[in-house]
Structure formats: C-alpha cells, structure tokens
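Beneath this line is the structure, given in structure tokens, with notes to follow.
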Amino acid sequence: MQNNVLILDFGSQYTQLIARRVRELNIYCEIHPFNKLPGNLSDFKAVILSGSPFSVRGEDAPHPDLSEIRGKKPLLAVCYGAQYLAHFSGGEVAPSNTREYGRANLSFIKPDEQFFKGISLGSQVWMSHSDTIKSLPTGGVLLASTGDVANAAYKIENEETYAIQFHPEVYHSTDGKQLLDNFLIDIAGVQPDWTPNSFVDTTVAELKEKIGNDKVVLGLSGGVDSTVAAVLLHKAIGSNLHCIFVNNGLLRKNEFSSVLKQYEGMGLNVKGVDASARFLDALAGESDPEGKRKIIGRVFIEVFDDEAHLIEDAKWLAQGTIYPDVIESVSVNGGPSATIKSHHNVGGLPDFMKLKIVEPLKMLFKDEVRRVGASMDLDPELLGRHPFPGPGLAIRILGDITPEKVSILQEVDAIFINGLKDNDLYNKVWQAGAILLPVQSVGVMGDERTYEKCVALRAVESTDGMTADWVNLPYEFLQKTSNEIINRVKGVNRVVYDISSKPPATIEWE
Ligand code: XMP
C-alpha cells in the first residue's frame, strides 16, 4: 500500500488516538509494537513514533534500532519518541524541574516553517511528560517552544525528521490535526485517499483473492460489526457466505424475527436458529453473573458448532473483530503484551472446528465500521443501534432466569427503547436498557394491594463503554415511560432510574 503510515507503539495510552487522528485525515495507518518492525517496511510512506510511560534513561525503556527508518523515511517523533531521538543522537534528556502535564501554549514558532502551516503563536498544546529535552541532538533545529518547555519541537537538518514534545493526537491540542496534516500530506507526501469506499473496494478484492471458491461461516449477532462484516463478505463471495443467527432466547422483544427479516432483505444467505429453549434450560437455577456468561458462551459454541457442521466443506470462520480488539499494546513492564482480546461472543471456539479465520474489519475503529456500513447503503437504523451485550437480557435479570422473567423484561425494555425512539432521544444515548431487580415491593392498584417486581431503567452516554455517565433524560419522558410500564406490564409495580456513573458502577448491573 503506497499511502500507508506506520505508527511505532512505545506503550503510550494515546497511541490509538494517533491512529484515529491519522484515519480522520483519510490516511491509512497501522500500529505496530516498537520491537516488532513490520517485514514490509517499504510499504510505509511515513513513520510516527508514539509516546511512552518510560523514561529514555530507564534501563527497561524501549530503545529500538531505527536505522532502517531515520533519514530514510519522513519521521514524526512524539513525546517519548522526541526524547528518544534526542537522547541517542547527541542531545540531552533530563528530569523536568517543573510539572509538564496538561495545557501549554506555543510561545515561539520558527517563522515560515511548513510544519507549522496554519498554526499561530499561542496555539494550545497538551503536554504529558516528566523528562524534558535539555539540548537538541546533533543537527537539531529548534522549531517551537512553550512557556515552560524550550525544546517543544525540533527537526533534524537535511532529513525529513520532526520531533514534538507535546501530543498532537489529543483533542486538547487545538491544532494537533493540522500539524499531522502538515507533516503527513505536505512534508511526507502521503495522499489522503483512504475512504470508506476505497476500503470496501480493496477489502472486497482481497477477500475474493484470499477465499476463492471456499465456503465461509459467520455468526451474525444483529449488531453493527458482524452485519458490516457479512455485507462485505457477501459482496466478495456471494452465496458462499453462510450466516448463522442464533436466538438465545435473551434478545430484545421480537428482535430475532425482525432482524432475521432485515438480513434476508439484504440478500444475505442466513439461517436463523431458535435455540431459546436450549439456552434457558441450561441457565435454569444459575444466578451467578459469571456462571451465566459461561453457560451462554458454552451453549452458543455448541449450537454454532452443530450448525456449522451442517455446512459441508466450510473452510473459513468469519468474525466481526474490530481494531481495538486486536491492537497489540506494549505493556508498561516492557515487551509487547501477548494478550489479544478474543471476540466477545465467538471467543474460545473449540479446536475441532479447524476453520481458518477471516476478519475483514480488524483494522477499523467502531465509527469507521459505521462509515463503511453507510457507504454500502446499510440501513442507518441498523448502523445506529446501541451496543447490546452477547449474554443479552441474562445479565439484566438479576438472580436466576426464568422464561416469565425474560418476557417481563422484554416488555419493559421495548416500552423504554421505543419511547426513546419516538421522543427523538435514542440517538442521544449511547446505550440503554432495563434491568429486572430481584426485589418485590408493595404497591396499590385500584383498591388492591400488590406485591410485585421492580425494574430499573439505565441510559448512559459514553464513547467506548470504558467510562460512562447517566443521561439526564427529561422528567416528562421518565414519567410517561414509568406510567406505561406499570400500566401495561403485568407483574411490575415500581420503576426506578439508575443515576450512577461508570466508574464506580458498571453499565450492566451484572
Ligand atoms: P460494563 O457493564 O462492563 O459494560 O460497564 C461495558 C460494555 O460492555 C458490554 N458488556 C458485554 N458485552 N458480553 C458482551 O458482549 C458481555 O459479557 C458483556 N458485559 C458487558 C455492556 O453492554 C457495555 O456496552
């Protein structure tokens, strides 16, 4: 790939953000751990070195050999990267005397420097480092300073090597994206030609080449990732893609039939397997959250495996794994961490399935998956669906699970979710759902005393599910929803709204 950017990861918490910003410029990039340079270095047109939790002076700090890169390709070194370049090329890096975290402003910019095109004095940059560059490396030319940091940016004479102490990838560095644009497009000459359409074209061609006339099995979940993966594969291999959509009996109300219909309307070769009874039987009496997850995972594999065996000569298993799941991050203790997360719902497939894995989305971030889906004209409603956990309503029914409880929760959830949609609130919320509590309370309906169940409603805003806050839904909406639930769902006499943030509360109650 001609316009590919390599990001060498030294373990910074911001490395993924660098990739995000580069992709936002419509430039393709890949993150690789510092100690595993990719074999196809010539495919990369420019290189970015990330920050790191290490000090360059530390014994265990990442000290990779950059002789294949430096001076040979345009190079942008960020934070630790900038210090690393200085430390090993005749400069001096020492502990800072002042705190250098958070906001700073550019107080000097070398005039007429292309690197700072469109960026003016005073521009806010974000710092996060405890070491500082005391003197520049051999050939270093100062490009910018801030109030506290004299050597905030430099370049190396006669090379396309640039180094910055601040983080252009964080939103708080106001002109960070412009700076990346200047470096990648103007200086390195990378073409911003990576768009969802170009991704679809290249991926479909690659999938055709890779898979040929083989058959592929894919587990659809009704979610965005598996659906977009299926549509891409369908474009490449048509009816040789065999999709399996399992009803575990813990989906939302009518979800199995409506999603199945939607998939069929999209021309996908999909088999709906209603295994509700098998799941609910296996779950009977289990009230431990992890126990429930284990049972659901096991039964899913059994059901999926039975179905996959019915597809004769299947050679591949397709998964909707996305980039955050596969990035090998560098652990703070040195060396790249070996842990690559497996896909939530298909993780741990048994060895005997012996299928080769194909993951067409594994280089995409979630919002890119949505953009790719949109470019293939997928239903916006499907692309905008809230995340829904693999174990479904099982982890929203606290305590043991019975068919009656599932059906109560499905009714409550449907009223809440449809209400959000009808009131134009659904797209303002990252995830929402109802939880059936193991609590009964006294109520009065007509002149009758009731002793019935209580449900909690939860709606959160978030960007990645790692942190979240409860959504300030209008009181009128909550009032109407609560009335509707209590009047229409038999067995429920009390509704509460969860106003806890994550942390400390998680999004799901189990
Ligand atoms: P928590 O509850 O950890 O949830 O704050 C964060 C996000 O992960 C989802 N979640 C799961 N998804 N299998 C899944 O596929 C699970 O076991 C699981 N548990 C939580 C949750 O819905 C939220 O989006």
Side-chain angles (χ1 to χ4, degrees), residues 218-229 244-252 255-256 259 279 282-283 286-301 303-304 319-326 339-349 359 361-362 365-367 369-370 383-399 401 406 409-410 412-413 416-417 420 426-437 455-471 498-510:
L218 179 143
L220 281 170
S221 71
V224 179
D225 302 344
S226 65
T227 307
V228 173
I244 298 170
F245 179 33
V246 176
N247 182 6
N248 57 12
L250 301 154
L251 301 174
R252 299 195 132 115
E255 176 133 299
F256 183 57
V259 171
F279 280 90
L283 281 166
E286 179 61 65
S287 46
D288 174 63
E290 287 313 300
K292 292 181 191 175
R293 282 187 171 85
K294 281 204 185 93
I295 292 171
I296 292 166
R298 174 175 56 75
V299 178
F300 179 84
I301 287 166
V303 172
F304 191 83
Q319 296 192 161
T321 317
I322 63 172
Y323 203 31
D325 297 333
V326 295
T339 329
I340 300 179
K341 281 186 257 163
S342 55
H343 193 254
H344 267 322
N345 306 328
V346 198
L349 277 167
E359 296 171 315
L361 306 178
K362 75 171 183 197
F365 290 104
K366 186 86 180 181
D367 55 321
V369 175
R370 291 204 165 98
L383 293 176
R385 295 181 90 182
H386 289 172
F388 188 66
L393 300 181
I395 54 171
R396 295 184 182 167
I397 294 171
L398 307 198
I401 296 162
V406 173
L409 188 58
Q410 281 177 332
V412 173
D413 177 80
F416 184 34
I417 298 296
L420 288 170
Y426 185 83
N427 292 328
K428 299 186 174 110
V429 167
W430 191 77
Q431 187 173 18
I435 301 99
L436 187 65
L437 306 184
V455 291
L457 306 181
R458 180 119 168 97
V460 295
E461 51 194 2
S462 177
T463 49
D464 49 16
M466 303 293 285
T467 55
D469 206 356
W470 60 281
V471 179
D498 183 349
I499 53 167
S500 331
S501 65
K502 173 183 179 177
T506 49
I507 296 175
E508 306 295 346
W509 281 41
E510 284 197 336

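Keep in mind that what you see is a predicted model, and the values were worked out from it rather than measured. Sequence positions, counted from 1, serve as the residue numbers for this chain. Note: hydrogens, waters and symmetry copies are ignored here, and every other heavy atom, side chains too, is used. Order of listing sets the numbers, starting from 1, for every ligand and every atom in it.
Applying the salt bridge (Lys or Arg N to Asp or Glu O under 4.0 Å) rule to E508 yields the partners R396; only residues at least two apart in sequence or on another chain are considered. Partners of K366 according to the salt bridge (Lys or Arg N to Asp or Glu O under 4.0 Å) rule, which considers only residues two or more places apart in sequence or in another chain, are D225.
Of all the listed residues (I296, I507, T506), I507 holds the heavy atom that lies closest to atom 7 (C) of ligand 1. The closest non-hydrogen atom to atom 21 (C) of ligand 1, taken over E290, E508, K292, comes from E508.
Taking all atoms of both residues into account, the shortest heavy-atom contact from P387 to W430 is CD-O, 3.1 Å. The shortest non-hydrogen separation linking L383 to V224 is O-CG2, 3.5 Å.
Here the side chain of R458 pairs a donor or acceptor atom with the backbone of S500 at under 3.5 angstrom. Judged purely by atom type and a 3.5 angstrom limit, K292 has no side-chain atom pairing as donor or acceptor with the backbone of E286. Y426 places a side-chain N or O within donor-acceptor distance of the main-chain N or O of H386, the cut-off being under 3.5 Å.
For the pair G465 and ligand 1, the shortest N or O to N or O distance does not fall below 3.5 Å. Residue contacts with ligand 1: P387 is placed with no nitrogen or oxygen under 3.5 Å of a nitrogen or oxygen of the ligand (distance criterion only). In terms of N/O distances under 3.5 Å, ligand 1 is approached by R293. Polar contact with ligand 1: present for Q431 (N/O pair, distance under 3.5 Å). Between K502 and ligand 1, an N or O atom pair is found at a separation short of 3.5 Å.
Taking every heavy atom of G390 and a limit of under 4.0 angstrom, the matching atoms of ligand 1 come to 12 (N), 13 (N), 14 (C), 15 (O).
Using a 4.0 Å cut-off between heavy atoms, W509 makes no contact with ligand 1 at all.
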